Number of protein chains: 2
Amino acid sequence: MALESLVGYNLKRAYVILQNDYRAVMGDHGLSPRVFSALTFVVETPNLTQSDLARRLGIERSGLVAIVDELEGRGYLCRVAVPQDRRVQALSPTDAGVQAYEAALKLVHDHEDRILHTLDAVERAQLLHLLKKIRETGE
Amino acid sequence: MALESLVGYNLKRAYVILQNDYRAVMGDHGLSPRVFSALTFVVETPNLTQSDLARRLGIERSGLVAIVDELEGRGYLCRVAVPQDRRVQALSPTDAGVQAYEAALKLVHDHEDRILHTLDAVERAQLLHLLKKIRETGE
DNA sequence: TATTGTTATACTCTATAACTATA
DNA sequence: TATAGTTATAGAGTATAACAATA
């Protein structure tokens, strides 16, 4: 079967498996992968703007609006006006946002530990390394 | 950055990079990844039914209809009635389908060789091996 | 002129539910 | 009853194009 030797096919299948398990662990009302990623950037990056965030996530600004709306609706961040440039909205995490991020990160770690239990520490590090090499190529 | 050590995040980013390059190589009227995968199974598996194919691709039967419609519309396969069980349609590749498959496979190989040029043969084999380990876990 | 955030819109991929015809 | 193929429908996720406010 020619597909078995294709990286793209195996990458997609593996990605779908991780994603399904992620959603099962996070639950119906949990943060989706992209919203969790966005929250991570907001919590870890001071003075992040929406355009910055879209660039880092590799999506369009227009697509980010709904993500930021959701995080704001959950009370996890605030859009803060920036006096120096009145076009931009800085994204500032709330205390609830930081707590939700930490709780979610713990769940994500548990999920990855479980779904990747057949990979030992060396294999997991190898996999991360190889995936990052692909990322470096494509950007 | 917590995301950098997450397999799921890096898996998705790498997958998006491969997918974008795939589409660039195959062109606007080329076979999409899922249609190419379906055609591969049809060409390589005699007497394949739609339910079989959906199961192997990991999607629902309902979602497969449009894929088979497209391949039939391109003249790459025929839905063949099976006398033994008149519920099923066997999927039989045409000569044009086999030729299109072979041409597409060549393009896909070129695409993967190019986008993965920073990985040597050993790394690529490692990556395939690790991705398959994840697939085995999740099925 | 260019950029930020935003809205409107459309497209792809996928799932669920219900139908029909067969078994 | 159960299965194969099908249709209708809806929900993510994402992209493009255009707009107002601001630089």
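Computed from a predicted model, the values in this text were never measured in an experiment. Every chain is numbered from 1 and lettered A, B, ... according to where its sequence line falls, protein lines coming before strand lines.
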Visitor: Just one of Leu128(A), Ile17(A), Leu131(A), Ile134(A) clears the side chain to side chain contact (heavy atoms under 4.5 Å, CB included) bar with Leu11(B), so which one?
Guide: Leu131(A)

Visitor: Taking only side-chain N and O atoms of Arg23(A), does any of them lie within less than 4.0 angstrom of OP1 or OP2 on dG13(D)?
Guide: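 Arg23(A) to dG13(D) OP1/OP2: side-chain N or O found under 4.0 Å.
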
Visitor: Looking at Asp120(A), I'd like to know if its CG atom is crowded, meaning that more than 12 non-hydrogen atoms belonging to other residues, nucleotides or ligands lie closer than 6.0 Å.
Guide: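 Yes, enclosed.
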
Visitor: Whole angstrom is fine here: how far is it from CG in Asn20(A) over to P in dT14(C)?
Guide: 11 Å

Visitor: Do Gln126(A) and Glu123(B) pass the side-chain contact (heavy atoms from CB on, under 4.5 Å) test, and can you show the C-alpha distance, the side-chain angles, and the key distance before you say yes or no?
Guide: CA-CA 9 Å; Gln126(A) 267 179 353; Glu123(B) 289 176 317; over 6 Å; no

Visitor: Between dA23(D), dT6(D), dG5(C), which one does the side chain of Asp85(A) approach most closely?
Guide: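 So the side chain of Asp85(A) is nearest to dA23(D).
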
Visitor: Got more than 12 heavy atoms from elsewhere within 6.0 Å of CG, Asp95(B)?
Guide: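 Open.
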
Visitor: By nearest nucleotide on DNA chain C, pick out whichever of Lys12(A) and Ser51(A) is the more 5' one.
Guide: Ser51(A)

Visitor: Look at the side chain of Arg87(A) and the base of dT3(C), then say whether one donor and one acceptor between them are separated by less than 3.5 Å.
Guide: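 It does, because a donor-acceptor pair links the side chain of Arg87(A) to the base of dT3(C) below 3.5 Å.
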
Visitor: Filter on side-chain hydrogen bond (donor to acceptor under 3.5 Å, both in side chains), then keep only pairs touching residues 16-31 of chain A, sequence neighbours left out; what's left?
Guide: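 Checked against side-chain hydrogen bond (donor to acceptor under 3.5 Å, both in side chains) - neighbours excluded - the pairs reaching residues 16-31 of chain A are Tyr15(A)-Gln19(A), Asp21(A)-His111(A), Asp21(A)-Arg114(A).
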
Visitor: Would you jot down, in residue-number order, the residues of residues 55-71 of chain B having a non-hydrogen atom under 4.0 Å from DNA chain C?
Guide: Ile59(B), Glu60(B), Ser62(B)

Visitor: Not counting sequence neighbours, which residues clear side chain to side chain donor-acceptor pair (under 3.5 Å) with Tyr9(A)? List them please.
Guide: Arg13(A)

Visitor: Scan for side-chain hydrogen bond (donor to acceptor under 3.5 Å, both in side chains) pairs involving residues 52-73 of chain A, sequence neighbours excluded, and state none if there are none.
Guide: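 For residues 52-73 of chain A, and leaving out neighbouring residues, the side-chain hydrogen bond (donor to acceptor under 3.5 Å, both in side chains) pairs sorted by first residue read Thr49(A)-Asp52(A), Asp52(A)-Arg55(A), Asp69(A)-Arg79(A), Glu70(A)-Arg74(A), Glu72(A)-Arg79(A).
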
Visitor: When you measure from every atom of DNA chain C, which of residues 27-40 of chain B have a heavy atom less than 4.0 Å away?
Guide: Ser32(B), Arg34(B)

Visitor: Find the distance Met26(A):CE to dA12(D):P and express it as a whole number of Å.
Guide: 16 Å

Visitor: Picking from dT6(C), dT22(D), dT22(C), which would you name as closest to the side chain of Gln50(A)?
Guide: dT6(C)

Visitor: Whole-Å distance between dT4(C) P and Leu53(A) CG?
Guide: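 To the nearest whole Å, that distance equals 13 Å.
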
Visitor: Within this structure, what is the CG-to-C1' distance between Asp52(A) and dT4(C), rounded to whole angstrom?
Guide: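 My rounded result for the distance is 11 Å.
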
Visitor: Just the rounded figure in Å: distance from C1' of dT7(D) to CD of Gln89(B).
Guide: 15 Å

Visitor: Kindly check if the number of other-residue, nucleotide or ligand heavy atoms within 6.0 Å of NE2 (His109(B)) is above 12?
Guide: yes

Visitor: If you look only at pairs with a residue in residues 39-48 of chain B, which of them pass as a side-chain hydrogen bond (donor to acceptor under 3.5 Å, both in side chains), with sequence neighbours excluded?
Guide: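 Residue pairs passing side-chain hydrogen bond (donor to acceptor under 3.5 Å, both in side chains), neighbours aside: Glu44(B)-Tyr101(B).
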
Visitor: Nearest-Å distance, CZ (Arg86(B)) to C1' (dT3(D))?
Guide: 15 Å

